[in-house]
Amino acid sequence: QVQLVESGGGLVQPGGSLRLSCAASRSIFSFNSMGWYRQAPGKERELVASIGRIGITKNYADSVKGRFTISRWNANNTIYVQMNSLKPEDTAVYYCNAYDDISRSNYWGQGTQVTVSS
């Protein structure tokens with residue numbers, strides 16, 4: 001019912017910043033929660049950050065708390081994550097996620113590579 005398209009990944013030096021965007025093909029207001037996950041080689045996919053329907057409730061993994069900020073702009077059908085003070089261990093493929101609480105369906109973006117290296 002929705003397509004999620006991510007952008008903004010790339011190569012950045014340690015201590016640098018990136019902003020990832022996730023554009024949806026329709027309104028995201030109906031999703032109770034959306035979020036960003038990441039998966040590094042040889043590791044399980046993990047939740048990075050999530051945001052509630054109108055952007056008030058936000059949750060972060062301990063490893064990124066204080067460095068990452070998730071936000072949403074419903075009128076543009078887009079969520080973002082601002083990533084500051086990046087570390088090599090942040091290197092991973094980052095995925096956008098939306099959960100439809102009515103149909104109990106998960107939707108995933110294609111993933112965007114973030115590489116933190118000097």
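Residue numbers run from 1 in the order of the sequence given. Basis for what follows: all heavy atoms, side chains included, without hydrogens, waters or symmetry-related copies.
In terms of modelled atom types and a separation under 3.5 Å, the side chain of Asn84 and the main chain of Gly16 share no donor-acceptor contact. Arg72 contributes no side-chain N or O that, together with a main-chain N or O of Gly55, makes up a donor-acceptor pair within less than 3.5 Å. Listed for the Gln82 side chain is no donor-acceptor partner under 3.5 Å among the backbone atoms of Arg19.
By the 6.0 Å contact criterion, CD on Glu89 is enclosed, its count of non-hydrogen atoms from other residues, nucleotides or ligands being greater than 12. Shown here is Gln113, whose CD atom has more than 12 heavy atoms of other residues, nucleotides or ligands within 6.0 Å. A 6.0 Å sphere centred on CZ of Arg26 holds more than 12 heavy atoms belonging to other residues, nucleotides or ligands.
Ion pairing of Asp62 with Lys65 is present here, as a side-chain N (NZ or NE/NH1/NH2) and a carboxylate O approach within less than 4.0 Å.
Hydrophobic clustering, with ILVMFWY side chains joined whenever heavy atoms are under 4.5 angstrom apart, keeps Tyr95 apart from Met83. Both Ile28 and Ile70 are members of a single hydrophobic cluster when ILVMFWY side chains are connected at heavy-atom separations under 4.5 Å. Val114 and Tyr37 end up in different hydrophobic clusters when Ile, Leu, Val, Met, Phe, Trp and Tyr side chains are linked at under 4.5 Å. Cluster annotation: Tyr107 and Leu20 are assigned to the same hydrophobic cluster (Ile/Leu/Val/Met/Phe/Trp/Tyr, side-chain heavy-atom contacts under 4.5 Å, transitive). Trp108 and Ile79 are not part of a single hydrophobic cluster, where members link through side-chain heavy atoms under 4.5 Å apart.
The minimum heavy-atom distance linking Leu18 with Gly8 is given by the pair CD2-O, 3.8 Å. Shown here for Ser118 and Pro14, the closest heavy-atom pair between the two residues is N-CD, 3.7 Å. Considering all non-hydrogen atoms of both residues, Met34 and Cys96 come closest at CE-SG, 4.2 Å. Shortest non-hydrogen contact noted between Ala24 and Leu4 is CB-CD2, 3.8 Å. Minimum heavy-atom separation, Ser21 to Thr78: CB-CG2, 4.4 Å. Contact detail for Val5 and Gln110: the closest heavy-atom pair is CA-OE1, 3.6 Å.
Considering CZ of Arg67 and CG of Leu86, their distance stands at 6.5 Å, rounded to 0.5 Å. Distance CG/Asn77 to CZ/Phe31: 10.0 Å, rounded to 0.5 Å. Rounded to the nearest 0.5 angstrom, Asp90 CG and Ser63 OG are separated by 7.0 Å. Atom-to-atom distance recorded for Ile54:CD1 and Asn32:CG is 11.0 Å, nearest 0.5 angstrom.
The aromatic rings of Tyr94 and Phe68 sit tilted, their planes meeting at an angle between 30° and 60°.
Between Tyr80 and Trp73, the gap from one ring centroid to the other reaches at least 6.0 Å.
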